[in-house]
Amino acid sequence: MLMRAMPSSTDVKTGGIALHSLQKRYGAAMAVDDVSLSVSPGEFISLLGPSGSGKTTTLMMIAGFEMPDSGRVLLDDKDITRLPPHRRELGVIFQNYALFPHMTVAENVAYPLRMRRVPKAQLEARVNRVLDQVHLGAFAARRPHQLSGGQQQRVAIARALVFDPPVLLLDEPLGALDKKLRQHLRNEIKTLHRDVGKTMIYVTHDQEEALAMSDRVAVMHEGRIRQVSAPQDIYRRPADLFVASFVGEVNLIPAKLRSGVAHGPADETLAAPAWSDGDMDATLCVRPEHLHLGTGEAAAPGIQGHVTGMTFVGDATIVEFRSNSGLQLTSKVLNISAGAMLGVGDNCTASWATNDATILTE
Ligand SMILES: Nc1ncnc2c1ncn2[C@@H]1O[C@H](COP(=O)(O)OP(=O)(O)O)[C@@H](O)[C@H]1O
Ligand SMILES: [Mg+2]
């Protein structure tokens, strides 16, 4: 007789989240305004935005600690909008994660399993496994105050992982740590993401963190999602002026589009992607590392001006430029060779490659 293997639950990819027009108001203030987002099983997505942009409120509505005024939250196509947090089975790491100070590391991590009345043998096996995953096996008997900040953070992650949720929600988990440790831990979280294959929704106001960690980034501003894209696209093809300015440094060059050609402040022709939609005002976005300052006849058509400042910042030199029309621009030049550079006061032309500019017409 031929036996067919039953598909095991681990074959089925779970952990897809869909948000449909979520809205949440506190008094007169709209904290989250018509947020829709679809997150694939296993995806690492960041909610990136300045303080007050609605990131935490969005995450808390996914977790069930806040109820939306309207809209829906789906987990693997099941509507969980009205379920209490403990019935959603999502792992949550809060902004100000609090470990129980009187409990050991192992007891802290076991806590969610004890709440679920998991039998002792099974509980211990799971706690040990998850502590190994976050490299804290040797610290099981310690108390939180005997750990470094980074180790405490890993305990919080272990506690969120221990009941094997399909989705992990992380709210600025590295916010309280210093820069070096943050960089180290963000790599660890990335590695953990690859190892456990869970969906992760990661809230941060740190654009570098979001770009470095995520499959996709959702940029939030004033309760709304302004753009959802892969990190490269967020940086290279910002959808609006807010995204262009919030993520990385950018030169904003006012331009007029006429017959498919961009003209600068002094009516000079500017390199810009082809445009054919009639005449209008626009802004050209050019990153400092894409803005070239050149001298002589050979310099590409661009904006005439002179150098107003040079700042050595280690790996690069930041060159300030002022156009004859009064526009202030910034160029970033990597200090790869010790060759001759421009000096303050030198006349030069600011230019860029067509493909390195983004046209925004909002
Ligand atoms: N419990 C609350 N009561 C009143 N206003 C709140 C509450 N939580 C958040 N807000 C407001 O909602 C907006 C979004 O807050 P939040 O989601 O915490 O933003 P973020 O996490 O991006 O900093 C802010 O203006 C904030 O002041
Ligand atoms: Mg927040």
Side-chain angles (χ1 to χ4, degrees), residues 17-39 43-73 80-86 88 90-99 149 152-153 156-157 159-160 167-179 181-182 185-186 189 199-214 216-229 231 234 238-248:
I17 292 277
L19 310 180
H20 291 293
S21 303
L22 281 186
Q23 193 155 310
K24 179 74 182 178
R25 206 186 258 289
Y26 295 108
M30 192 70 95
V32 170
D33 188 4
D34 196 24
V35 161
S36 295
L37 181 66
S38 182
V39 185
E43 187 174 13
F44 193 118
I45 193 164
S46 289
L47 305 182
L48 170 68
S51 174
S53 57
K55 307 180 297 292
T56 295
T57 306
T58 301
L59 205 71
M60 289 302 111
M61 288 192 284
I62 301 172
F65 295 103
E66 293 285 357
M67 279 295 140
D69 300 330
S70 59
R72 293 188 305 147
V73 180
I80 59 167
T81 316
R82 302 283 148 194
L83 280 187
H86 66 275
R88 300 188 183 202
L90 305 177
V92 186
I93 295 153
F94 293 101
Q95 198 157 6
N96 299 306
Y97 61 97
L99 302 176
Q152 291 183 25
Q153 186 54 60
I157 293 174
R159 191 170 60 180
V167 181
L168 223 50
L169 307 173
L170 305 100
D171 193 354
E172 311 233 13
L174 309 181
L177 308 171
D178 64 62
K179 190 175 159 109
L181 186 56
R182 278 203 334 247
L185 281 173
R186 87 180 180 210
I189 293 175
T199 308
M200 294 198 181
I201 305 182
Y202 188 96
V203 161
T204 181
H205 66 272
D206 182 330
Q207 40 118 353
E208 192 183 307
E209 209 167 274
L211 296 179
M213 297 179 81
S214 314
R216 285 189 306 154
V217 177
V219 182
M220 292 192 72
H221 180 53
E222 294 179 344
R224 287 175 166 268
I225 292 182
R226 305 294 288 256
Q227 183 171 8
V228 191
S229 301
I234 293 278
D240 61 30
L241 285 172
F242 174 78
V243 176
S245 309
F246 186 71
V247 181

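Both ligands and their constituent atoms are indexed starting at 1 by order of listing. We're numbering straight along the sequence, starting at 1.
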Chemist: Between the main-chain N or O of Gly49 and the side-chain N or O of Arg226, is there a donor-acceptor pair closer than 3.5 Å?
Modeler: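 Here the side-chain-to-backbone pair does not exist.
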Chemist: Report yes if the side chains of Leu174 and Ile189 come closer than 4.5 Å at any heavy-atom pair, otherwise no.
Modeler: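 A side-chain contact exists here, since the closest heavy-atom pair is under 4.5 Å.
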Chemist: Scan the protein's non-hydrogen atoms and note whether one is under 4.0 Å from atom 7 (C) of ligand 1.
Modeler: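 So far as the 4.0 Å threshold goes, atom 7 (C) of ligand 1 is in reach of a protein heavy atom.
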Chemist: Tell me, which protein residue and heavy-atom name are nearest atom 15 (O) of ligand 1, and how many Å apart are they?
Modeler: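 Minimum-distance protein heavy atom for atom 15 (O) of ligand 1 reads Thr57 OG1, 3.8 Å.
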Chemist: Any idea which protein heavy atom is nearest atom 25 (O) of ligand 1, and the distance to it?
Modeler: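 The answer is Gly52 O, 4.0 Å.
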Chemist: Does Lys55 come within less than 4.0 Å of Asp171, counting only side-chain N to carboxylate O?
Modeler: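 No, no charged N to carboxylate O under 4.0 Å.
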Chemist: Any nitrogen or oxygen of Thr58 lying under 3.5 Å from a nitrogen or oxygen in ligand 1? Just yes or no.
Modeler: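 N/O-N/O distance under 3.5 Å: no.
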Chemist: For ligand 1, which atoms have a heavy atom of Ser53 less than 4.0 angstrom away?
Modeler: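 Listed by number with element, the hits are 19 (O), 20 (P), 22 (O).
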Chemist: Among protein heavy atoms, which sits nearest to atom 12 (O) of ligand 1, and what does the distance come to when rounded to 0.1 Å?
Modeler: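 Result: Ala31 CB, 3.2 Å.
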Chemist: In plain terms, say whether Arg224 and Asp33 are close enough for a salt bridge, that is, a side-chain N and a carboxylate O under 4.0 Å apart.
Modeler: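 Yes.
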Chemist: Please report whether atom 27 (O) of ligand 1 has a protein non-hydrogen atom at a separation of less than 4.0 Å.
Modeler: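 It does not; no protein heavy atom is within 4.0 Å.
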Chemist: What protein heavy atom lies closest to atom 19 (O) of ligand 1? Include the residue and the distance to one decimal.
Modeler: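 Going by distance alone, atom 19 (O) of ligand 1 is nearest to Gly54 N, 3.2 Å.
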Chemist: Among protein heavy atoms, which sits nearest to atom 18 (O) of ligand 1, and what does the distance come to when rounded to 0.1 Å?
Modeler: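 Here the nearest protein heavy atom works out to Thr56 CB, 3.7 Å.
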Chemist: Near the Mg ion (ligand 2), which protein N/O/S atoms are found at less than 2.8 Å?
Modeler: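 For the Mg ion (ligand 2), the protein N, O and S atoms that sit under 2.8 Å away are Thr56 OG1.
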Chemist: Are the side chains of Met61 and Val32 in contact, using a 4.5 Å heavy-atom criterion?
Modeler: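 Yes, side chains in contact.
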Chemist: Nearest protein heavy atom to atom 22 (O) of ligand 1, by residue and atom, and its distance?
Modeler: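 Protein heavy atom with the smallest distance to atom 22 (O) of ligand 1: Lys55 NZ, 2.8 Å.
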Chemist: Quick one: closest heavy-atom pair of Arg216 and Val228, and the distance?
Modeler: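 Heavy atoms of Arg216 and Val228 come nearest at NH1-CG1, 3.6 Å.
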Chemist: One residue to check: Ala29. Relative to ligand 1, which of side chain, backbone, both or neither has a non-hydrogen atom less than 4.0 Å away?
Modeler: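 Neither part.
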Chemist: Under 4.0 angstrom from ligand 1, any heavy atom of Pro50?
Modeler: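 Yes; Pro50 lies near enough to ligand 1 that a heavy-atom distance drops under 4.0 Å.
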Chemist: Write out the residue and atom name of the closest protein heavy atom to atom 9 (C) of ligand 1, then the distance separating them to 0.1 Å.
Modeler: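 Result for atom 9 (C) of ligand 1: Tyr26 CE1, 3.3 Å.
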Chemist: Fit a plane to each ring of Phe242 and His221, take the angle between them on a 0 to 90° scale, and name the class: parallel (under 30°), tilted (30 to 60°) or perpendicular (over 60°).
Modeler: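 Phe242 and His221: parallel rings.
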Chemist: Would Glu208 and Arg182 count as a salt bridge (charged side-chain N to carboxylate O under 4.0 Å, His left out) if you check the C-alpha gap in whole Å, the side-chain angles of each, and the deciding distance to 0.1 Å?
Modeler: CA-CA 11 Å; Glu208 192 183 307; Arg182 278 203 334 247; over 6 Å; no
Chemist: Please examine the side chains of Leu22 and Asp34, heavy atoms only from C-beta on, and report whether any two atoms are closer than 4.5 Å.
Modeler: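 Side chain of Asp34 against side chain of Leu22, heavy atoms only: no contact under 4.5 Å found.
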Chemist: For Ser36 and Ser21, indicate whether the former's side chain and the latter's backbone hold a donor-acceptor pair under 3.5 Å.
Modeler: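 Side chain of Ser36 to backbone of Ser21, a donor-acceptor pair under 3.5 Å: yes, one is there.
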Chemist: Side-chain donor-acceptor pair under 3.5 Å between Glu209 and Thr204, yes or no?
Modeler: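 Glu209 vs Thr204: donor-acceptor pair found between side chains.
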Chemist: Taking the side chain as every heavy atom from C-beta outward, state whether Ile93 and Pro173 have any pair of such atoms under 4.5 Å apart.
Modeler: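 Ile93 reaches Pro173 side chain to side chain.
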